[in-house]
Amino acid sequence: MKILVTGGAGFIGSNFIFYMLKEHPEDSIICLDALTYAGNLSTLKPVLDDPRFRFVKADICDREKVYDLFESEKPDYVVHFAAESHVDRSIDDPGIFVKTNVLGTQVLIDACVKYGIKRFHHVSTDEVYGDLPLDRPDMFFVETLPLKASSPYSASKASSDLLVMSYHRTFGLDATLSRCSNNYGPYQFPEKMIPLMIANAMADKPLPVYGEGINVRDWLYVEDHCRAIDLILRKGRSGEVYNIGGHNEMRNIDIVKLICAELGKPESLITFVKDRKGHDMRYAIDPAKIHNELGWLPQTMFRDGIKKTIRWYLDNRSWWEEIVNGDYKEYYQKMYGNR
Ligand code: NAD
Ligand code: TYD
């Protein structure tokens with residue numbers, strides 16, 4: 001089958017492309033990506049010469065280009081990762097989140113309806129459910145919860161979720177949707193917590209923990225996410241939402257301490273800084289549906305995944321050093337300079 005992957009030059013999209021080309025030699029992939037600050041063509045270097053792969057630089061908001069691509073390539077499946085994905089940036093400048101995540105998604109699903117495809121898979125996030133209290137470990141996100149987004153990022157993702165499901169009902173679009181917990185692993189842009197802390201610790205720079213560091217996230221190794229999407233794409237039921245997560249809840253401060261220990265760096269690098277506005281307290285996925293229906297379970301536990309991830313950043317310094325020495329410097333100064 002021919003799969004159009006949007007946002008494939010980013011963190012999860014690139015890992016998904018590698019996963020699919022390895023697991024399904026019979027498939028071909030077209031990657032559509034605008035190469036924003038978060039997209040990196042060099043990440044895709046290992047597959048750029050693969051005859052089963054083609055890269056197209058385009059913005060998902062560009063209707064004409066998107067329609068041209070559908071007309072010429074006639075993809076069977078679309079897996080939609082392309083998005084503005086960082087909560088802190090959405091607090092700083094919400095507009096681009098609405099444009100890319102909502103309007104861009106609309107262009108794509110319009111194209112899917114117009115040209116006809118077998119399935120559109122929308123990659124969403126558990127953040128659309130809002131957050132859970134720290135003192136209720138018995139509570140989890142289930143697919144039937146109402147959406148209650150806290151940040152402009154999660155609100156834009158929730159809007160796109162609703163739009164996709166409305167196209168399923170109104171226009172008969174074959175669509176599946178997944179809401180995953182926080183991912184970590186190779187090729188994650190160093191603005192996100194885990195790679196930011198690894199990169200700073202390696203350079204003996206302060207480790208900026210927001211608030212008291214007691215916020216909890218449910219971490220999933222990126223390859224487990226990719227496997228779940230592949231399963232939903234092939235075997236999931238149209239019109240259904242699947243939560244993806246693996247009961248790997250961790251407090252931020254404990255992760256940062258773990259990174260210090262793994263890298264042999266002192267905890268004195270940890271600096272508590274002003275909290276994020278509207279900071280969600282706890283995310284925790286109930287993955288019963290995807291487990292019961294599709295047999296999915298995470299294969300990488302956090303203690304192993306974090307070691308593999310740190311090893312990857314140690315072995316691939318040039319990948320992230322190029323980023324942190326570029327425009328990222330300005331971003332870092334703006335976000336952390338007076339925090
Ligand atoms: P990322 O920021 O690393 O990558 C986003 C990619 O999308 C980049 O390659 C970028 O160039 C591209 N892009 C952005 N705007 C575009 C546009 N207008 N047109 C075409 N391409 C564009 O993001 P990520 O962490 O890989 O997340 C991918 C998807 O997974 C997002 O939809 C995100 O909401 C979702 N998600 C992420 C996580 C996580 O922990 N990172 C968890 C759950 C869900
Ligand atoms: P992040 O990786 O931005 O993911 P999300 O906000 O989508 O969950 O942040 C993960 C957690 O780490 C979140 O609670 C905010 C916190 N955090 C810090 O404490 N310091 C930082 O510099 C960053 C980027 C995040």
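Side chains are part of it too, since the values below use all heavy atoms of this structure and drop only hydrogens, waters and symmetry mates. For ligands, and for the atoms within them, numbers begin at 1 and follow the listed sequence. Nothing fancy with the numbering, it's 1 onward along the sequence.
- Closest to atom 7 (O) of ligand 2, if we only count protein heavy atoms, is E127 OE2, 2.6 Å.
- Ligand 2 does not have M335 within reach: every non-hydrogen atom of the residue lies 4.0 Å or more from it.
- Of the protein's non-hydrogen atoms, the one nearest atom 3 (O) of ligand 2 is R276 NH2, 3.0 Å.
- Of the options P190, P206, P195, P208, a side chain to side chain contact (heavy atoms under 4.5 Å, CB included) to N200 is made by P208 and by none of the others.
- Aromatic ring orientation, F120 versus H80: tilted (interplanar angle from 30° to 60°).
- The nearest non-hydrogen atom to atom 21 (N) of ligand 1, considering only C61, A34, A38, comes from A34.
- Every atom of ligand 2 with a heavy atom of V209 under 4.0 Å away is listed here by number and element: 19 (O).
- Contacts of E191 with ligand 2, taken as heavy-atom pairs under 4.0 Å, involve the backbone alone.
- Among Y184, Y210, Y332, the residue whose heavy atom lies closest to atom 18 (C) of ligand 2 is Y210.
- Residue contacts with ligand 2, taken as heavy atom pairs separated by less than 4.0 Å, do not involve T125 at all.
- Here atom 34 (O) of ligand 1 lies nearest to Y153 when heavy atoms of W219, F81, Y153 are compared.
- Atoms of ligand 2 found under 4.0 Å from any heavy atom of V87, numbered from 1 in the order shown, are 6 (O), 7 (O).
- When heavy-atom distances to ligand 2 are checked against a 4.0 Å cut-off, Y336 comes that close only through its side chain, counted from C-beta outward.
- The nearest non-hydrogen atom to atom 36 (N) of ligand 1, considering only I194, I12, D126, comes from I12.
- Within a 6.0 Å sphere centred on NZ of K265, heavy atoms belonging to other residues, nucleotides or ligands number more than 12.
- The closest approach between a heavy atom of T6 and any atom of ligand 1 is not below 4.0 Å.
- The protein non-hydrogen atom at the shortest distance from atom 43 (C) of ligand 1 is C180 O, 3.4 Å.
- Nearest to atom 5 (C) of ligand 1 among the protein's heavy atoms is A83 O, 3.5 Å.
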What verdict does the side chain to side chain contact (heavy atoms under 4.5 Å, CB included) test give for D33 and L41, after you've listed the backbone C-alpha separation in whole Å, the side-chain angles of each residue and the deciding distance to 0.1 Å? CA-CA 9 Å; D33 197 297; L41 195 55; over 6 Å; no
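- The nearest heavy-atom contact from the protein to atom 10 (C) of ligand 1 is T36 OG1, 3.3 Å.
- Heavy-atom contacts of N182 reach the following atoms of ligand 1: 40 (O) (cutoff under 4.0 Å).
- Using a 4.0 Å cut-off to heavy atoms of N252, the atoms of ligand 2 that qualify are 11 (C), 12 (O), 13 (C), 14 (O), 16 (C).
- Heavy-atom neighbours of E322 CD from other residues, nucleotides or ligands within 6.0 Å: at or below the threshold of 12.
- Between the side chain of T100 and the backbone N or O of F97, no donor-acceptor pair lies under 3.5 Å.
- The heavy atom nearest to atom 4 (O) of ligand 2, out of those in N182, D131, I253, is found in N182.
- Within the 4.0 Å heavy-atom criterion, neither part of E127 lies near ligand 1.
- Which parts of ligand 1 touch A9 is read off a 4.0 Å heavy-atom cut-off, strictly below it: atoms 9 (O).
- Atoms of ligand 2 lying under 4.0 Å from at least one heavy atom of H86, given by number and element, are 3 (O).
- Between F141 and Y283, the ring-plane angle classifies as tilted under the 30° and 60° cut-offs.
- Taking the six-membered ring where tryptophan is involved, the planes of F189 and Y37 are perpendicular, since the angle between them exceeds 60° and thus also 30°.
- Within the 3.5 Å criterion, the main-chain N or O of A82 finds a donor-acceptor partner in the side chain of T6.
- Distances shorter than 4.0 angstrom do not occur between any heavy atom of G8 and any atom of ligand 1.
- For the pair N182 (side chain) and W219 (backbone), a donor-acceptor distance under 3.5 Å is absent.
- Every atom of ligand 1 is numbered from 1 in the order shown, and the set under 4.0 Å from a heavy atom of L35 is 11 (O).
- The single protein non-hydrogen atom nearest to atom 20 (N) of ligand 2 is P208 O, 2.8 Å, given as residue, atom name and distance.
- Using a 4.0 angstrom heavy-atom cutoff, S124 counts as in contact with ligand 1.
- Within a 6.0 Å radius of NZ in K45, other residues, nucleotides and ligands contribute 12 heavy atoms or fewer.
- With a 6.0 Å cutoff to the six-membered ring centre and a 45° limit on the axis angle, R339 does not count as a cation-pi contact of F272.
- Partner of Y242 under the side-chain hydrogen bond (donor to acceptor under 3.5 Å, both in side chains) criterion, chosen from E143, E293, R179: E293.
- Protein heavy atom closest to atom 30 (O) of ligand 1, with residue, atom name and distance, is V123 CG1, 3.5 Å.
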Between Y115 and Y67, does a ring-ring contact (aromatic ring centres under 6.0 Å, His included) hold up when you go through it step by step? CA-CA 8 Å; Y115 294 99; Y67 282 16; 5.8 Å; yes
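- Looking at heavy atoms from C-beta onward, W296 lies out of side-chain contact with I232 at the 4.5 angstrom threshold.
- Here the heavy atom of the protein found nearest to atom 32 (O) of ligand 1 is K157 NZ, 2.6 Å.
- Atoms of ligand 2 lying under 4.0 Å from any heavy atom of Y283, numbered from 1 in the order shown and given with element: 8 (O).
- Within the 4.0 Å heavy-atom criterion, both parts of F11, backbone and side chain, lie near ligand 1.
- Less than 6.0 angstrom separates the ring centroid of Y328 from the ring centroid of Y331.
- For atom 19 (N) of ligand 1, the closest non-hydrogen atom on the protein side is I60 N, 2.9 Å.
- Between F302 and Y184, the angle of the ring planes lies from 30° to 60°, which puts this pair in the tilted group.
- Protein heavy atom at the shortest distance from atom 9 (O) of ligand 1 is D33 OD2, 2.6 Å.
- Across R251, R89, H279, E212, heavy-atom proximity to atom 13 (C) of ligand 2 is greatest for H279.
- Residue contact check for ligand 2: Y153 places no non-hydrogen atom closer than 4.0 Å to it.
- F18 places a side-chain heavy atom less than 4.5 Å from the side chain of P46.
- When hydrogens are left out, the protein atom nearest atom 10 (C) of ligand 2 is M193 CB, 3.7 Å; that is the closest non-hydrogen contact.
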